[in-house]
Amino acid sequence: MTFKLILGAFAVIVLYHLINRGRSLHRNLTAAKSSGLPVVITPWNVYSVFWLASYIVWLPLLRKLPASCRGTWLEVLDPEWAYRIGYKIFEDVGSDVFLVVSPSSIGSFVADAEVMTQITSRRGDFPKPLEMYRRLEIYGKSLVSSEGAAWRMHRKLTAPSFGEKNNELVFHESLHHAQSLLNLWTGPGGRGNRTIKDPAADAMRFALYVISRAGFDVRVAWPHEEKDQEGQLEASKQKDSMFVASTPPPGYEMNYREALSCLLENIMWTQMAPPEYLTKSPIKVHRDVGKAVIEWGKYMDELYEQKKKEVASGQSAEGMDLFGALIRGSEVLNEETTEIEKSDILGNAFVIMLAGHETTANALHFALLLLALNWKSQVRLQEDLDKVLAGKPISEWTYEEDVPKLFSSMPTAVMNETLRVLQPVINIPKSTAPGNPQKINMNGQSYIMPGGTHISLCCAVHKNPKYWPEEPNLFRPERWLTDSKFPNSSIDIKPDDADLHAPPGADISGNLFKPVKGSYIPFSEGSRSCIGKRFAQVEIVTALAVIFRTYSVELAVDEYATDAEVERLEKGGKERREIWQKAADRAEYLLRDTMSSIITLQLRGVTIPIRVVRRGEERFAFG
Ligand code: HEM
């Protein structure tokens with residue numbers, strides 16, 4: 001009897017739940033259908049915590065359904081579809097904007113340049129869905145995690161640090177650290193031809209060190225150079241020693257480098273529990289990340305206090321000095337009058353460190369791999385470098401003279417194309433407020449984006465043949481050169497809020513192909529576009545110039561043949577090509593099918609080894 005009662009109660013609860021879901025689905029569908037846009041129905045919200053945490057289990061099972069039951073609904077349940085399948089879904093749906101409706105959500109994916117521009121330029125109508133950014137508030141609120149008046153305050157506070165003067169410092173730091181990276185890769189005497197097992201990790205280090213110095217006035221020494229650079233370490237001892245030392249300072253268990261890397265690499269665990277609890281977890285990675293959150297916070301606290309004293313005594317550091325600028329801008333010294341809290345400064349420092357490091361590192365890493373797969377483009381890059389730098393030693397490169405040349409030739413074409421084919425942020429999130437539907441226009445027709453829609457500005461726009469007619473899925477940096485066969489077109493739409501837009505000179509590639517506005521969005525567009533765009537561009541282009549001026553990058557083939565075996569095979573011959581092809585097939589597969597984006601698109605758990613060899617000593621000039 002009791003059992004029957006429990007069963008009955010359970011059945012009532014399930015029925016109630018199902019009826020509720022049915023009603024919600026009906027309500028969402030009615031709103032979606034009145035939009036005039038095509039609609040795909042899914043059983044769950046793709047962005048729900050439940051689905052994001054468990055789709056790896058469910059998706060393979062669902063893919064076993066009979067072909068007649070599968071379809072677009074199943075494909076869009078893969079949170080990485082935009083990177084894996086690209087534009088095909090839009091083709092299947094028959095529109096460059098469509099809606100995805102589930103009982104608990106309405107989502108929209110956009111791959112139309114005109115609509116993209118309307119959304120990015122109407123900031124008030126299409127705000128950021130802030131709930132997605134809460135996890136970045138480990139140390140405090142920031143410009144990434146705020147909207148409206150709060151965002152304006154954060155952006156005004158941080159914008160002065162991203163001026164041209166600072167980009168010059170980024171250039172010098174990139175030169176310095178790119179040479180260190182190259183020393184690490186090419187070994188004693190710069191001989192090269194050694195297998196670099198995890199180039200992604202080294203690229204991360206490079207980007208981390210550049211932002212540490214350019215953003216925070218902390219020069220971190222590379223582990224392989226610490227001993228050689230005793231003089232330099234000595235010089236920075238008074239102020240920065242606790243940040244550069246390999247041994248953790250008293251009171252710390254991790255050095256600055258370890259704390260930051262560990263925190264950034266495992267940031268998703270910080271959402272599970274506060275750091276004090278994480279440090280007590282039985283799982284090592286939880287304990288490590290808990291410790292890293294606490295210790296990096298302590299380092300930042302010390303740096304903050306140090307800077308506060310410097311600002312109070314009228315000292316100023318070289319270049320960007322983000323902390324100094326934040327402190328000065330916030331008038332935090334006058335604690336009576338300021339509305340900005342210390343946590344706002346630490347919050348901004350953290351997101352700038354995060355945003356300024358991972359994206360840039362990935363872009364550099366992907367560029368190296370794509371060039372290793374496309375030999376002809378690599379040669380074109382080297383020829384352009386020879387032409388624009390005319391054999392000048394690195395010590396004589398200047399920001400005023402050489403950077404503009406790099407920005408109007410192959411290094412920038414390579415960077416732009418890398419960010420086109422492998423955009424680090426695959427879906428840029430926007431939204432409409434609940435109960436606040438918005439009109440959009442596409443191809444001369446009006447549509448209504450329902451209120452409460454989660455909008456994804458989708459990286460598939462980079463593969464839309466309307467804007468990228470020639471081989472849109474392939475890496476072809478030459479398409480950016482104006483002397484190439486690829487067609488050019490441009491629609492000029494001004495951003496809505498010019499004073500809050502990216503810093504002056506952000507559009508640096510004056511002589512290169514200008515895509516249709518809204519069709520190329522690696523840095524997003526409009527007033528909420530990337531504040532570090534030029535910072536990243538200077539850094540990536542400089543690193544490419546340093547590396548490819550004297551070296552080539554190849555795929556390592558250790559898995560398929562020893563060095564002696566390769567040497568025995570004819571240079572450029574069929575058998576060497578076959579070995580290279582195996583490494584190329586693996587690399588292409590990993591880049592095309594296996595990456596995932598926790599915050600940005602990355603290879604996870606696998607690496608694609610490379611070799612850096614002197615120009616003229618290449619073993620595999622293929623692709
Ligand atoms: C290749 C490198 C980079 C790419 C592809 C990139 C991409 C982006 C994108 C797509 C956004 C918009 C995100 C959104 O709306 O959710 C963004 C925002 C942002 N980026 Fe970058 N970024 C790069 C490098 C950098 C660097 C080097 C910094 C700082 C040093 C930086 C700092 C920021 C900040 C602070 C924001 C938030 C701006 C705001 O909301 O007002 N980024 N970035």
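Counting starts at 1 for both ligands and their atoms, in listed order. In what follows, residues are counted from 1 in the order of the sequence shown.
Counting heavy atoms under 4.0 Å from ligand 1, residue S527 does not touch it at all. Counting heavy atoms closer than 4.0 Å to ligand 1, residue T360 contributes atoms from both its backbone and its side chain. At a 4.0 Å heavy-atom cut-off, ligand 1 touches F523 through backbone and side chain alike.
For the residue pair E539/S174, the side-chain donor-acceptor check at 3.5 Å is not satisfied. Of the N and O atoms on the side chains of S212 and Y256, at least one donor lies less than 3.5 Å from an acceptor on the other residue. Looking only at atom types and distance, the side chain of S142 has no donor-acceptor partner in the side chain of E137 under 3.5 Å away.
Here's the thing with Y133: one of its N/O atoms is less than 3.5 angstrom from an N/O atom of ligand 1. Considering backbone and side-chain N/O of K533, none are found under 3.5 Å from N/O of ligand 1.
Remark: side-chain polar atoms of Q306 are not paired, donor with acceptor, to backbone N or O of D301 under 3.5 angstrom. Side-chain N or O atoms of R420 include one that pairs as donor or acceptor with a backbone N or O of P472 at under 3.5 Å. Here the side chain of D402 pairs no donor or acceptor atom with the backbone of Y399 at under 3.5 angstrom. Without hydrogens or angle criteria, R84 side chain to D593 main chain gives a donor-acceptor distance under 3.5 Å. Here the side chain of N427 pairs no donor or acceptor atom with the backbone of S456 at under 3.5 angstrom.
Annotation for ligand 1: atoms under 4.0 Å from non-hydrogen atoms of P429 are 16 (O). In summary, the atoms of ligand 1 found under 4.0 Å from a heavy atom of R155, numbered by their order in the structure, are 38 (C), 39 (C), 41 (O). Residue V144 approaches ligand 1 through these ligand atoms, each under 4.0 Å from one of its heavy atoms: 37 (C). Each of the atoms 39 (C), 40 (O), 41 (O) of ligand 1 lies under 4.0 Å from some heavy atom of W151.
Salt-bridge formation is detected for the pair D112/K466: a Lys NZ or Arg NE/NH1/NH2 atom is positioned less than 4.0 Å from an Asp or Glu carboxylate oxygen. Classification of E147 and R528 as a salt-bridged pair holds, one side-chain N sitting under 4.0 Å from a carboxylate O.
Counting heavy atoms only, S524 comes closest to atom 12 (C) of ligand 1 of the residues A536, S524, G532. Counting only non-hydrogen atoms, the option in P522, C530, S529, S146 that gets closest to atom 10 (C) of ligand 1 is P522. Relative to atom 40 (O) of ligand 1, the option among H154, E147, R528, Q423 with the closest non-hydrogen atom is R528. The heavy atom nearest to atom 32 (C) of ligand 1, out of those in A355, P129, C459, is found in A355.
At least one heavy atom of K128 sits closer than 4.0 Å to an atom of ligand 1. Within the structure, the closest approach of I211 to ligand 1 falls below 4.0 Å when heavy atoms are considered.
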